[in-house]
There are 2 protein chains.
Amino acid sequence: MLDTRQKILDTAERLFGEQGYAATSLRQIIGEAGVNVASIHYHFGSKEELLDEVVMRKAGPVNERRLEILDRLEASGGVPGVEEVLGAFFQPMAEAAGQNRRFVAMMGRLISEGMIQGIVQKHFATVTARISAALQRALPELPPEEFMLRMHFTIGAMAHSVCGGMDWTGAGGGPADLGRRIERLVTFAAGGFRAPATATTKIEEK
Amino acid sequence: MLDTRQKILDTAERLFGEQGYAATSLRQIIGEAGVNVASIHYHFGSKEELLDEVVMRKAGPVNERRLEILDRLEASGGVPGVEEVLGAFFQPMAEAAGQNRRFVAMMGRLISEGMIQGIVQKHFATVTARISAALQRALPELPPEEFMLRMHFTIGAMAHSVCGGMDWTGAGGGPADLGRRIERLVTFAAGGFRAPATATTKIEEK
DNA sequence: GTCTATACTGAGATAGAC
DNA sequence: GTCTATCTCAGTATAGAC
């Protein structure tokens with residue numbers, strides 16, 4: 001059946017999002033999808049290649065949307081602001097979260113698990129390059145090294161808040177407002193990017 | 001030998017930091033430590049309990065140092081600023097990173113892997129409560145819900161930047177300047193915490 | 001009290017029958 | 001294309017040697 005592939009992809013997406021990649025066994029996937037053990041290896045080759053397909057099936061449209069928004073921002077003349085550029089990156093994720101929570105949660109989990117390096121380098125290259133360039137134009141005074149560091153912080157904040165992450169405060173926002181959380185992240189990250197770069201504070205003494 | 005325990009703990013700390021918790025097998029640990037398979041279960045009970053001991057052995061002093069700095073800040077009169085409170089949390093980590101990179105890298109990895117929830121709730125409760133309270137005093141205008149969200153972002157940024165994380169820009173700072181990266185995180189997070197809370201920007205149209 | 005040998009279950013992967 | 005059987009290696013449990 002052609003359904004087999006789809007059933008595997010759908011089930012894997014759900015389980016990876018709920019439990020993470022490492023914690024989800026192929027046997028659980030095939031069990032809930034109602035297919036045979038070997039069919040995953042027949043259709044995808046390995047657990048990691050299955051992950052690759054699961055990610056790509058949904059990430060493609062999100063990345064296209066990101067480029068679209070960036071195009072529009074840059075076409076409208078002038079240099080897009082920090083919030084606008086960050087929004088071009090995160091807003092499509094928030095929209096995707098509205099339609100399909102599971103996928104966004106899965107992406108956050110996977111980034112946290114470090115299971116995505118290869119996939120990202122393969123398919124996200126265009127988007128990340130465009131976003132980085134636009135952000136640096138919006139923040140011309142920020143040294144490139146500091147810029148990259150802050151980009152790193154931002155991705156970490158996203159990955160951690162989008163998946164369950166550790167419930168630091170014991171109260172953290174419920175799963176319902178995932179899209180809203182991503183919007184708030186834009187505000188937070190923009191504030192972080194605007195912080196003065198040179199102030200390497202000595203905190204020790206008051 | 002009493003050495004067995006120590007050898008297991010040291011080897012586990014190193015391997016968990018280098019490869020992550022899930023990717024490190026007990027058989028690899030016992031192999032490199034030169035002890036028997038069952039000795040881990042004899043001394044620790046399970047892989048997860050071994051992790052718990054590895055973390056606690058080093059996190060205890062770091063947490064004490066955090067409370068010490070907080071005490072000093074609050075004793076010196078006046079309300080400590082955002083950078084000072086964040087510094088009280090992150091500076092001891094940076095110091096620990098200077099003495100023992102592996103431990104800090106391991107903590108970041110574990111938070112990212114979501115392997116630490118239980119451990120944190122057990123042993124970090126005092127520190128997290130104190131830090132949260134101090135930060136909210138420094139930011140009286142920030143709604144508690146927004147505050148918690150931003151705390152979440154900050155932890156994510158830390159976890160992601162402290163371990164290898166995903167190399168977003170293709171250049172990200174090398175492992176050598178771990179302590180410095182943590183210092184920069186204070187600046188970034190402080191900027192994020194100070195961002196206006198209400199501005200839920202609509203990014204869509206310009 | 002410590003450590004060793006060994007066995008059990010379940011994981012991902014593969015070869016080959018149908 | 002699909003399924004069965006099987007391989008290797010993981011984490012875990014236990015019986016017993018020193």
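The chains referred to below are lettered A, B, ... by the order of the sequence lines, with proteins before strands, and numbering in each begins at 1.
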Would you mind listing every salt bridge (Lys or Arg N to Asp or Glu O under 4.0 Å) that reaches into residues 30-45 of chain A, with sequence neighbours excluded?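 As it turns out, the salt bridge (Lys or Arg N to Asp or Glu O under 4.0 Å) pairs with a partner in residues 30-45 of chain A, which skip direct neighbours, are A/R14-A/E32.
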Mind calculating the distance between [atom1] ([X]) and [atom2] ([N]) to the nearest angstrom?
| X | N | atom1 | atom2 | result |
| --- | --- | --- | --- | --- |
| B/N36 | D/dT14 | CG | C1' | 13 Å |
| B/H43 | C/dT2 | NE2 | C1' | 6 Å |
| B/I40 | D/dA13 | CD1 | P | 13 Å |
| B/I30 | D/dC9 | CD1 | P | 13 Å |

[X]: salt bridge (Lys or Arg N to Asp or Glu O under 4.0 Å) partners, not counting sequence neighbours:
| X | result |
| --- | --- |
| B/R130 | B/D71, B/E74 |
| A/E53 | A/R5 |
| B/E64 | none |
| A/E145 | B/R180 |

Going 5' to 3' along nucleotides 7-18 of chain C, which nucleotides have protein heavy atoms under 4.0 Å from the base (write B), which only from the sugar-phosphate (write S), and which from neither (write -)? B---BBBB----
Parallel, tilted or perpendicular: which fits the ring planes of B/F188 and A/F193, with parallel below 30° and perpendicular above 60°?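 Perpendicular: the ring planes of B/F188 and A/F193 meet at over 60°.
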